[in-house]
Amino acid sequence: MTVQISPSILSADFARLADEAAAVAGAADWLHVDVMDNHFVPNLTLGLPVVQALLKHATLPLDCHLMITEPDQHAPAYAEAGAGSVTIHAEAARAPVRTLRAIRAAGARAGLAVNPGTAVEPYEDLLPELDMLLLMTVEPGFGGQHFLDLVLPKLSRARAMVSSHGGAIWLQVDGGVSAETIERCAEAGADVFVAGSAVYGADDPAQAIQALREQAQRATARADWAR
Ligand code: DX5
Ligand code: ZN
């Protein structure tokens, strides 16, 4: 199972996004872009114009995480703009099948995110429509929050669910992922790790990514689910 690291630019300097993207380009697999609309979450970040600008400068594929109330209306445009992956929230989508299909039709990977208090089991029938399932390990809205251990049993159940469908769907964790918590996530079944403050808060972001990747690889090697 391949470990992937997706640093979140939410913890980067928004006035220097191209430089901040370049700082992780050689070390990361994706660049995680948190789109927040002040309605789905109590915070406002950036939207399609900034993503379009970033696409011109970033060499890494963009992993767009849409924390917005109207993903059905807005998500396909991120895929059409050239994002490599577009993730919508289950709590917000009213027509998830249509929206996930539109994301894929525009050439991006389609992701579905669930908040810490949202169960994954009701979405099992949607798995064929998905390339990635994102389990939030904090309540969405802000970087630098404490990791919620209560999500770990759900992560194990999600891994079993994904395995029973062939195992091709990536399982992403986002929120409070750090040197202290990443091994627990990998052991429970995650294979794509978002890290904001643990990467951009470090003196050397690229080196922090490499250290996180090695920790996750070691934890995956001893995990039952990856055998
Ligand atoms: C939170 C965002 C995260 C955030 C993670 O709502 O979705 O991507 O940037 O930041 P850290 O890693 O600092 O918890
Ligand atoms: Zn995110």
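Counting starts at 1 for both ligands and their atoms, in listed order.
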Please say whether the positively charged group of Arg109, taken as NZ for Lys or CZ for Arg, lies over the ring of Trp170, i.e. under 6.0 angstrom from the six-membered ring centre and within 45 degrees of the axis.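 Ring-cation test returns yes.
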Do ligand 1 and [X] have nitrogen or oxygen atoms that lie under 3.5 Å from each other?
| X | answer |
| --- | --- |
| Ser8 | yes |
| Gly141 | yes |
| Leu10 | no |

Between Ala195 and ligand 1, which part of the residue brings a heavy atom under 4.0 Å of the ligand: side chain, backbone, both or neither?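 Under 4.0 Å from ligand 1, Ala195 contributes backbone atoms alone.
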Apply side-chain contact (heavy atoms from CB on, under 4.5 Å) to residues Leu10 and Phe142 and explain how you reach the verdict. CA-CA 8 Å; Leu10 185 61; Phe142 303 94; 5.8 Å; no
Looking only at protein heavy atoms, which one is nearest to atom 12 (O) of ligand 1, and what is the separation?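 Protein heavy atom at minimum distance: Gly196 N, 2.8 Å.
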In terms of residue, atom name and distance, what is the protein heavy atom nearest to atom 10 (O) of ligand 1?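 For atom 10 (O) of ligand 1, the nearest protein heavy atom is Gly143 CA, 3.5 Å.
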Determine, step by step, whether Thr118 and His89 satisfy the side-chain contact (heavy atoms from CB on, under 4.5 Å) criterion, reporting the C-alpha distance in whole Å, the side-chain angles of both residues, the deciding distance to 0.1 Å, and the verdict. CA-CA 10 Å; Thr118 302; His89 265 265; over 6 Å; no
Taking His65 as the fixed residue, which of Val86, Asp34, Val35 is the one that meets the side chain to side chain contact (heavy atoms under 4.5 Å, CB included) rule?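 In the set Val86, Asp34, Val35, the residue that makes a side chain to side chain contact (heavy atoms under 4.5 Å, CB included) with His65 is Asp34.
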Out of Thr181, Asp174, Val199, who is nearest to atom 7 (O) of ligand 1 when you count heavy atoms only?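 Nearest option to atom 7 (O) of ligand 1, by heavy atoms: Asp174.
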Could you state the interatomic distance from CG (Asp37) to CG (Leu46), rounded to the nearest 0.5 Å?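 Reported value, rounded in 0.5 Å steps: 11.5 Å.
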